[in-house]
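Remarks on the structure that follows.
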Amino acid sequence: MKPAFEPAPIEEHWRRRWAQLHLGRADPASPKPSFSIALPPPNITGVLHMGHALNAVIQDSLCRYHRMRGFEVCWVPGTDHAAIATQNVIERQLAQEGTTKEELGRDAFQERVSAWYRTYQGRILEQLQRMGATCDWSRERFTLDAAYVRAIRRVFKDLFDQNLIYRGPRIVNWCPRCRSAISDEEVEYREHQDVFYHVRYRGEGGGEGLVVATTRPETILADVAVAVPPGDQRFQALVGTSVEEPLTKRLIPVIEDPAVDPKLGTGALKITPGHSAEDFEIGERHHLPVLTVISLDGRMIAPGLPDLDGLDAESAREVAASLLRQSGALVREAPLVHQVGHCDRCGAVIEPLVTPQWWVRVAELAAPAHRVVAEGEIVLHPEHFKRQYLDWVAGLRDWCISRQIWLGHRIPVSTCANHHVFAWIDEPSRCPECGDTNLQADPDVLDTWFSSALWPFAILGWPEETQELARFYPTTVLSTGRDILWLWVTRMIMMGLRFTGEIPFHDVILHATILGADGARQSKSKGNVVDPLDMVDRYGADALRAWGAAVAMGTQDCKFDESKVDGYAKFANKLWNMVRLLQHVHFPQGEGRIPGAGESAREELTLADRWILSRLARLTDTVTAAMEDLELGAAIDGIYQFAWRELADWYLELVKDRLAEWDPAALWTTRTALLRTLELLHPIMPFVTDALADQFEGQPDTLDLANWPEAEPAWLDPAAEEGMRGFQQLTAELRSWLQDLGVRFGRNAPRIPIGISTSDDPEMVAAIRDHLGTMVPVTWEEAPADTLEAMAPLVVGGTTVRLTGAAILESPQIRGRMERDLEQVRKLRTRLEAHLAGPFATSAPEEVVERERSRLEEAVRREALLRHALAP
RNA sequence: GGGCGAAUAGCUCAGUGGUAGAGCGCCUCGCUUACACCGAGGAUGCCGCAGGUUCGAAUCCUGCUUCGCCCACCA
């Protein structure tokens, strides 16, 4: 073993080993209980980021844990074609090359896309493997696979035939840059500082009319009414009359509608059903016509007004405003801060437009999706997402699933010359109703999230009744980022319930978003992007994984802190050297596998042995509970503290001499503690733990195949823990004193003589006898308290220790320390006395009161001794 | 506008009723054959503010302040 842990070669070795062992392969015929995860398929829009890495770590840790617990684990990997996202990426590339997809043509564009997919698909899977992911690679899926496409068409056709999918002209979120509709969930609202234009609409025949406030004067051309709050006194006289739309003087009616807020703007709202979602609804209520003055490319259609015709919306706004200004209709301009929708893919401002689109009637799908979460059949983690989910699902509106882009799954619908519209799975050549062969295929493609919604069951072979589906569906856990709870998780639940009759997963982990070190969302333009593979290269995959486990379930988004990754890299090195210590004991010269050791009888164990075993039993319980509760952070914290702060800092230090003498109890206990630690840690840090377990004889090929440790109740030993606690405290105190005295620590340092008088605590007596000289450079003798010169007294539990010798008495450091101690202990004593004199003593539980009493006792004793020692 | 979350050491964060913690950073000392990717010691906190419940509150309740996120048809 090298003196330091070097991740790279070891990781490579173990990745190969796991592959050879087919560690990830899931056998549907296995008799074991099943544990399954559908890997959220990364978009093939580039390489993986920290969010993917974090998610892979969570899932892999859970998979490995369940393998150790004897589950048949099925973790299916795959990738998503991400139509709109990928198209945008390629379009940006083309733009840089000075061309467009239209110039390239459909075929060449498609070729570009396929090449892109080939490159990045491989790279993404390789990245997952670098992080140690043990997916079942033989089951890799892609949302453009033929079988997957059939599943999508089947779902579409069923919904269509059940009248849950319909086509119709309605107002949609239109992205003029993508030239496509997008769903409500793909709109990102951003704050804009705009001008609030107050515009006068004159009454019929030149009356005063009323004033309307708007941010979009260019859409005045499409106004079909002005709405006012019902019963509003200010407008009562005008209701039922008409006013002049101020650009072309068309007469439009003044109506009343409860959706109008009297406090906003002027209290009168211009109704533009063609270019506002809210107005569209108001228009429907009042059976108003829809006028459209903006085309699909976002430009004005205003043949009657050459000044406006053909302008983009923003320029048209200024022109319209100046026209209004000239005609005197513009009565006021005020600044306004409000939210404006943007396309979450390309950032363009969304233009609400009325176009024919395909819609899913969501209400019928949403009701069961609401129920399974409300009733706890599906559990969200952290749990506060439950309420958010329920509110959101209850308020769902119909889902626009058609997109007018080039990439994606075609909408499997055709229309014949006789206007029969039908959905299909295999594209037919004639109309099933009239046999007409002149079929028109629907030109649109599906929303990517429509296809992703089927992921958990489509990847297992649905709609075929496969063994995999029977065995591994519903999946056990879904782990994903919070950002796609609405876009994806809810849709999977709706579709899963609808098409399999079952929930798609039992537990949903919504992990934190990883922000840059500056606290901002990671983005290339900000330069705060962390590359997970860079972390693996510099610190090792285990370190990255341990970091991920630690931050996974935070309630807030997580600022990336590289020093934590570094800390876990050091932890791996520490573990490495802990095993190396045992290696050196068995093989002082060369190297070999650490042989097994027979379990030692209880009475052969020292206090330290019993203490570490007791701690180990507790740790086993803690980590097991943490893994069961999906709390990876609690697991890694517990193991880290135990391994470093207890096993390495105390136990191994205490046991070194015994190990050198091949004390059987020490050898067995050390081996047991080390191996157990490796097993508990293996799901989170698989590389270093496998490499280290491999140093021991009799271990399986990988710890994934080991049995998850059971806590040994017989190892629990409260007396040993209490004894060690006292001993640790004594040691720490002595060390501080000695350090104050400038005593040199070290193997060859001169030893300081001290006197100790112990109480009747046999554990403490034994610990001092066996161990004190190992931890602190002292020699000691036991003597009754009153026979020792009262110098520098120190009280720990029932034990009093005094440093002896004239040098100590004269040391100003020690005197200063004692004075500080005295002041502290006096305060403590006073506080405890007051506390115990009050209602606390009668109201608090007996054991809490008892604990305070013994603290008081100790304080009183210390105070007396210190006073005596300091007395002139 | 509504909802959710957060506020703890210089930094990043654990900690859900009983003596305020970790990692990093900082100061002092030490290369003692497991580890200097280490060890020993040390400094550092009105646990955001104000009330309340309780013998006891960082923790539970109420209000407030400040940040973050999500949702929303405020023109």
Side-chain angles (χ1 to χ4, degrees), chain A residues 1 3-5 171 184-185 189 196 212-216 219 227 259-261 263-272 276-282 336 338-339 352 382 384-385 387-388 391-392 395 397 482-483 485-486 513 515 517 519 539 550-551 554-564 566-585 588 633-634 637 640-641 645 648-649 652-653 656 732 735-740 742-749 775-777 828 831-832 835-836 838-845 847-849 851-852 855:
Chain A
M1 291 178 82
F5 171 56
I171 193 140
D184 294 346
E185 288 69 40
Y189 287 89
F196 210 14
V212 159
T214 180
T215 54
R216 303 206 56 191
T219 64
V260 183
D261 185 337
K263 293 186 292 295
L264 284 171
T266 61
L269 176 63
K270 73 188 203 63
I271 302 300
T272 320
S276 154
E278 186 189 16
D279 293 4
F280 185 81
E281 285 178 16
I282 295 174
L336 178 75
H338 66 144
Q339 301 286 318
H384 69 255
F385 282 108
R387 213 183 118 186
Q388 239 168 288
D391 288 350
W392 191 82
R397 297 192 298 173
R482 279 163 204 172
D483 45 341
L485 175 59
W486 312 131
T513 304
L515 307 174
Y539 300 104
V551 306
T555 48
Q556 293 287 285
D557 288 346
C558 173
K559 267 180 230 180
F560 181 70
D561 181 2
E562 188 170 327
S563 74
K564 284 200 177 157
D566 184 47
Y568 288 115
K570 289 178 173 151
F571 181 49
N573 186 63
K574 186 73 181 182
L575 292 166
W576 180 265
N577 278 289
M578 288 161 71
V579 171
R580 210 159 79 97
L581 170 66
L582 195 54
Q583 262 276 357
H584 286 325
V585 168
D637 281 354
Y640 183 101
Q641 289 303 321
R645 302 279 83 104
D649 287 353
L652 292 183
E653 291 300 333
K656 263 182 193 170
R735 279 173 173 164
S736 320
W737 285 55
L738 295 177
Q739 198 126 343
D740 270 5
V743 168
R744 285 173 51 85
F745 283 64
R747 192 152 284 241
N748 303 316
M775 303 304 278
V776 194
L828 178 68
R831 212 181 69 207
L832 287 169
H835 199 199
L836 282 161
F840 168 78
T842 48
S843 303
E847 60 173 64
V848 178
V849 177
R851 200 160 53 219
E852 292 291 275
R855 285 180 65 208

Length of the line joining Leu581(A):CG and U33(B):C1', which is rounded to integer Å:
11 Å
Can you list the residues that meet the ring-ring contact (aromatic ring centres under 6.0 Å, His included) rule with Tyr189(A), with sequence neighbours excluded?
none
With respect to the phosphate group of C4(B), does any side-chain polar atom (N or O) of Arg387(A) fall under 4.0 Å of OP1 or OP2?
yes
Judged by nearest nucleotide, the residue sitting upstream toward the 5' end of RNA chain B, Ala517(A) or Pro839(A), is Ala517(A)
Pairing residues for Glu185(A) by the salt bridge (Lys or Arg N to Asp or Glu O under 4.0 Å) criterion, not counting sequence neighbours
Arg491(A)
Student check: side-chain heavy atoms of Pro382(A) and Arg482(A) closer than 4.5 Å
yes
Whole-angstrom distance between G56(B) and G18(B), as gauged at atom P
14 Å
Pair assignment for G68(B), Watson-Crick or G-U wobble, requiring both distances under 3.5 Å:
C4(B)
In whole angstrom, give me the gap between the P atoms of C24(B) and A20(B).
24 Å
Protein within reach of the bases, or only the backbone? For nucleotides 68-75 of chain B, mark each nucleotide 5' to 3' as B, S or -, using heavy atoms under 4.0 Å.
-SSSBBBB
For atom P, what is the distance between A58(B) and A7(B), given to the nearest Å?
14 Å
To the nearest angstrom, how far is Asp561(A) atom CG from U12(B) atom P?
8 Å
Please tell me if Arg580(A) has a side-chain N or O lying less than 4.0 Å from either OP1 or OP2 of C35(B).
yes
Go through the structure and list residues passing ring-ring contact (aromatic ring centres under 6.0 Å, His included) with Phe196(A), not counting sequence neighbours.
His198(A)
Taking only N/O atoms, report every protein-nucleotides 16-18 of chain B pair under 3.5 Å with atom names and distance.
unit_1, atom_1, unit_2, atom_2, d
G18(B), O2', Arg851(A), NH2, 2.7

For Trp576(A) and C38(B), give me the distance from atom CH2 to atom C1', rounded to whole Å.
17 Å
Write down the atom of Lys574(A), the atom of Ala648(A), and the distance for their closest heavy-atom approach.
CE-CB, 3.6 Å
For the P atoms, the ones on U59(B) and on A50(B), what distance do you get once it is rounded to whole angstrom?
13 Å
Gap in Å between the two C1' atoms, one belonging to G48(B) and one to A57(B), rounded:
16 Å
Just the rounded figure in Å: distance from P of C38(B) to CZ of Phe5(A).
14 Å
How far does the P atom of C46(B) sit from the matching atom of A9(B), given to the nearest Å?
8 Å
Do Phe840(A) and Val848(A) come close enough that some side-chain heavy atom pair is under 4.5 Å?
yes
Phe571(A) CZ - C24(B) P separation (whole Å):
13 Å
Work out how far the P atom of U16(B) is from that of C71(B), and round it to whole angstrom.
30 Å
Please determine, for A36(B), whether a Watson-Crick or G-U wobble partner exists with both distances under 3.5 Å, and give it or none.
none
With both distances kept under 3.5 Å, what pairs with U12(B), Watson-Crick or G-U wobble?
A22(B)
Using heavy-atom distances to pick each residue's nearest nucleotide on RNA chain B, tell me which of Leu828(A) and Lys564(A) is more 5'.
Lys564(A)
Non-neighbouring partners of Gln388(A) that pass side-chain contact (heavy atoms from CB on, under 4.5 Å), sequence neighbours left out
His384(A), Phe385(A), Trp486(A)
From CZ of Phe385(A) over to C1' of A6(B), roughly how many Å is that when rounded to an integer?
13 Å
What does C47(B) pair with, Watson-Crick or G-U, if both distances are under 3.5 Å?
none
Under the salt bridge (Lys or Arg N to Asp or Glu O under 4.0 Å) test, which residues partner Asp261(A), sequence neighbours left out?
Lys263(A)
If the condition is salt bridge (Lys or Arg N to Asp or Glu O under 4.0 Å), which residues does Asp561(A) pass it with, not counting sequence neighbours?
none
Restricting to non-hydrogen atoms, name the atom on Thr272(A) and the atom on Lys270(A) that form the minimum distance, rounded to 0.1 Å.
OG1-NZ, 2.9 Å
Separation of atom OH in Tyr640(A) from atom P in A22(B), rounded to whole Å:
11 Å
Can you tell me the base-pairing partner of G41(B)? Count Watson-Crick or G-U wobble geometry only, both distances below 3.5 Å, and say none if there is no partner.
C27(B)
C60(B): pairing nucleotide in any strand, Watson-Crick or G-U under 3.5 angstrom:
G52(B)
Summarise protein proximity over nucleotides 39-46 of chain B in one line of letters, 5' to 3': B for base, S for sugar-phosphate only, - for none, counting protein heavy atoms closer than 4.0 Å.
SBSS----
According to ring-ring contact (aromatic ring centres under 6.0 Å, His included), who are the partners of Tyr539(A), at least two apart in sequence or on a separate chain?
none
Would the distance check show the side chain of Asn577(A) and the main-chain N or O of Pro3(A) forming a donor-acceptor pair, the cut-off being under 3.5 Å?
yes
Round to the nearest Å and state the distance from Leu652(A) atom CG to U33(B) atom P.
17 Å
By ring-ring contact (aromatic ring centres under 6.0 Å, His included) - contacts of Phe571(A) (at least two apart):
Tyr640(A)
Distance check, P atoms only: G21(B) and C47(B), in whole angstrom units.
14 Å
Pair assignment for C74(B), Watson-Crick or G-U wobble, requiring both distances under 3.5 Å
none
For Ala841(A), which residues count as a side-chain contact (heavy atoms from CB on, under 4.5 Å) partner, sequence neighbours excluded?
none
